[in-house]
Amino acid sequence: MRVVLAEDSLLLREGLVRLLGEAGADVVDAVGDGVALVRSVQEHRPDVAIVDVRMPPTFTDEGLRAALSARSEVPGTGVLVLSQYVEESYAGDLLADGAGGVGYLLKDRVSALADLSDALERVASGGTVLDPEVVAQLFARRRRDPLQTLTAREREVLALMAEGRTNVAIARLLVVTQGAVEKHISSILTKLDLPPSDDDHRRVLAVLAWLRAEH
């Protein structure tokens, strides 16, 4: 898998290059700002662009904006955004185009090679990866019915759906059968009045839209 990395901190950038290599990625370029990221994606056409949210010159959302710009220039490029903090609005901006092949992780999460490798593979294949901490904050905000009508197991399944996990992955993580997961999801979608979908990314969008909704 070919990757372009954008991180303004030289030490962290070099560390990420090594970590990505250990995770099985081929880092074809590593740059320090958003403008260079767009240029590099246009030149190398990687499978995934990995980018820090906050980059020079203002250290607000330049990295995210550059990643979205690069994706528009080279459609189909996966985008994995790294952040130091949970910023729900940035995660929402990343998911907004509905195309899939996107991820939003906290930097602390990338220290686990298995998690990083899994995230890269899912983003590169058009899936969605959303940090569990972002999902947890959305759940904390949304405490009203009908979320209260879900069983404890259904809440676990819903959280994993929101992270972008497939039915097979949910079954593996919860140590249950895929059929059991499908039944839980059917019940969840019915209780939350969400449309059924076989598209994992669209399912994530539906769940997140519901969790963000104010009633």
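Just so we're clear, the structure is a prediction, and the values are computed from it rather than from any experiment. We count residues from 1, following the sequence as given.
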Is a donor on one side and an acceptor on the other found under 3.5 Å between the side chain of [X] and the backbone of [Y]?
X: S187; Y: K183; result: no
X: E73; Y: A70; result: no
X: R2; Y: V48; result: no

Is the shortest heavy-atom distance from the side chain of [X] to the side chain of [Y] under 4.5 Å?
X: L116; Y: L19; result: yes
X: L82; Y: V51; result: no
X: M55; Y: L64; result: no
X: V168; Y: V181; result: no
X: I50; Y: V4; result: no
X: Y104; Y: V134; result: yes
X: H184; Y: L150; result: no

Can you give me the closest heavy-atom contact between [X] and [Y], atom names plus distance?
X: G32; Y: P56; value: O-CD, 3.9 Å
X: D131; Y: L106; value: OD2-N, 3.0 Å
X: A162; Y: V204; value: O-CG1, 3.6 Å
X: V123; Y: G103; value: CG2-N, 3.9 Å
X: V38; Y: A66; value: CG2-O, 3.5 Å
X: T77; Y: P46; value: CG2-O, 4.0 Å

When rounded to the nearest 0.5 angstrom, what is the spacing between [atom1] in [X] and [atom2] in [Y]?
X: L80; Y: R122; atom1: CG; atom2: CZ; value: 10.5 Å
X: E156; Y: L173; atom1: CD; atom2: CG; value: 10.5 Å
X: R71; Y: L68; atom1: CZ; atom2: CG; value: 8.0 Å
X: I185; Y: I170; atom1: CD1; atom2: CD1; value: 4.5 Å
X: L158; Y: K191; atom1: CG; atom2: NZ; value: 11.0 Å
X: L20; Y: M1; atom1: CG; atom2: CE; value: 10.0 Å

- Are V207 and L192 connected in the hydrophobic side-chain network, where two residues link if heavy atoms are under 4.5 Å apart? yes
- Query: Are V35 and F59 connected in a single hydrophobic cluster, I mean Ile/Leu/Val/Met/Phe/Trp/Tyr linked by side-chain heavy atoms less than 4.5 Å apart?
  - Reply: no
- Note on the structure: Residue pairs passing the side chain to side chain donor-acceptor pair (under 3.5 Å) test with at least one member in residues 8-34, sequence neighbours excluded, are D29-S40
- Task: Mind jotting down which residue pairs meet the side chain to side chain donor-acceptor pair (under 3.5 Å) criterion with at least one end in residues 164-177? Sequence neighbours excluded, please.
- Result: D118-R165, N167-R203
- Selection residues 46-64 - residue pairs positive for salt bridge (Lys or Arg N to Asp or Glu O under 4.0 Å), sequence neighbours left out: D52-K107, R54-E87, D61-R65
